[in-house]
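Notes follow the structure.
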Amino acid sequence: MAEVQAVKDLDKVKLISHLLERRYSKQMADIWNIGLNLALRISDLLSIKFDDIHGDRLLIKESKTGKLANIQLNQKALTTIKQIQAEHPSHVYLFQSYRNQQALHKGPKPLTRRAVSEAFAMIGQEVNVSLGTHSMRKTRGYHLYQNTKDIARVMKMLRHSSEGVTLRYIGITQDDVDKDFVDLEI
């Protein structure tokens, strides 16, 4: 699997959302936008049920780590979630597969990771970014780090246990460190 990147340019973040909606669907753009705001792994993001949302908090057990993710939803995420729920009041999953509804003998299922990966990869080619399902998480981590320069805070948000892992994950390179040395004169 190819290494995917954080999207470091905020205009490009918005462009990706726009292109996902235009080329694929509003649901794909919603996945991107909510994924940016929750910083969850794609398997956890797609498995969110409306029952996991309690007021302005999301409570889910992460599939990879088994840790409880207790996330306060920001206004953008809340607004999008409420809009999805209003449009699809019978859905169980936040990102429920529409195809599956045609199979009456099967229960509801979330959209697949594969469908999201393919859409993101195609848009990534269009905007010249190695884009994948981890890009949402990496992008949020990168921008939090740029805004705060607090790696411990980013580690906590991503639920990582090592600074080195977090720095590599969000794409902080030696060039970024060199730039900080040049830009900050004391």
Side-chain angles (χ1 to χ4, degrees), residues 1-48 53 58 69 71-88 91 93-99 110-151 153-154 157-158 160 166-180 183:
M1 191 182 323
E3 178 73 20
V4 299
Q5 301 168 336
V7 181
K8 297 178 180 181
D9 177 351
L10 289 174
D11 288 335
K12 201 169 272 194
V13 168
K14 291 176 187 167
L15 177 61
I16 290 166
S17 175
H18 173 75
L19 291 173
L20 282 166
E21 185 167 354
R22 295 280 308 220
R23 309 270 194 273
Y24 289 91
S25 65
K26 179 158 180 358
Q27 186 181 43
M28 280 298 174
D30 288 344
I31 290 169
W32 174 254
N33 291 318
I34 290 176
L36 286 170
N37 284 285
L38 299 184
L40 290 169
R41 291 174 185 87
I42 190 65
S43 56
D44 296 323
L45 182 66
L46 294 178
S47 72
I48 295 172
I53 300 164
L58 171 68
I71 300 169
Q72 181 158 3
L73 301 169
N74 64 28
Q75 195 55 54
K76 184 172 184 176
L78 270 172
T79 300
T80 305
I81 290 167
K82 286 178 182 176
Q83 184 179 30
I84 294 168
Q85 195 166 29
E87 290 171 7
H88 305 284
H91 281 196
Y93 292 95
L94 179 59
F95 301 115
Q96 191 159 311
S97 173
Y98 301 132
R99 264 189 205 161
L111 203 60
T112 65
R113 176 186 186 135
R114 182 177 179 179
V116 176
S117 295
E118 289 172 1
F120 283 17
M122 293 300 290
I123 296 302
Q125 287 178 347
E126 193 169 338
V127 298
N128 200 30
V129 172
S130 183
L131 196 65
T133 57
H134 272 284
S135 294
M136 297 173 287
R137 213 169 127 79
K138 289 181 175 194
T139 299
R140 182 158 190 90
Y142 175 82
H143 287 284
L144 178 61
Y145 181 73
Q146 292 305 316
N147 288 340
T148 65
K149 297 298 185 193
D150 185 346
I151 195 63
R153 204 162 148 187
V154 178
M157 180 191 66
L158 296 175
H160 283 170
T166 302
L167 288 168
R168 275 191 311 280
Y169 188 80
I170 64 175
I172 301 298
T173 64
Q174 187 61 49
D175 289 343
D176 295 314
V177 174
D178 292 346
K179 184 179 181 310
D180 288 340
D183 291 348

Any side-chain heavy-atom pair of [X] and [Y] under 4.5 Å:
X: Met157; Y: Arg140; result: yes
X: Arg137; Y: Arg41; result: yes
X: Ile48; Y: Leu40; result: yes
X: Ile42; Y: Met136; result: yes
X: Leu45; Y: Phe95; result: yes
X: Phe120; Y: Ile31; result: yes

State, to 0.1 Å, how close [X] and [Y] come at their nearest heavy-atom pair, and which atoms those are.
X: Val13; Y: Trp32; result: O-NE1, 3.2 Å
X: Ser135; Y: Ser130; result: OG-O, 3.8 Å
X: Met28; Y: Leu20; result: O-CD1, 3.9 Å
X: Leu46; Y: Pro110; result: O-CB, 3.0 Å

Decide salt bridge (Lys or Arg N to Asp or Glu O under 4.0 Å) for Lys138 and Glu3; before the verdict, give the C-alpha distance in whole Å, the side-chain angles of both, and the deciding distance to 0.1 Å. CA-CA 11 Å; Lys138 289 181 175 194; Glu3 178 73 20; 2.7 Å; yes
Euclidean distance, Lys76 NZ relative to Leu36 CG, rounded to 0.5 Å: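 The distance works out to 7.0 Å.
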Looking just at side-chain N and O atoms, do [X] and [Y] make a donor-acceptor pair shorter than 3.5 Å?
X: Ser17; Y: Asn33; value: yes
X: Lys8; Y: Gln5; value: no
X: Ser25; Y: Glu21; value: no

Identify, with sequence neighbours excluded, every residue that meets ring pair (Phe, Tyr, Trp, His ring centres under 6.0 Å) alongside Tyr169.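 Tyr169: ring pair (Phe, Tyr, Trp, His ring centres under 6.0 Å) contacts with His134, His160.
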Assess whether salt bridge (Lys or Arg N to Asp or Glu O under 4.0 Å) is satisfied between Glu87 and Lys26, documenting all intermediate values. CA-CA 12 Å; Glu87 290 171 7; Lys26 179 158 180 358; 5.2 Å; no
I'd like to check the salt bridge (Lys or Arg N to Asp or Glu O under 4.0 Å) partners of Lys179; sequence neighbours left out, ordered by chain and number.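 Partners of Lys179 by the salt bridge (Lys or Arg N to Asp or Glu O under 4.0 Å) criterion, ordered by chain and then number, come out as Asp183.
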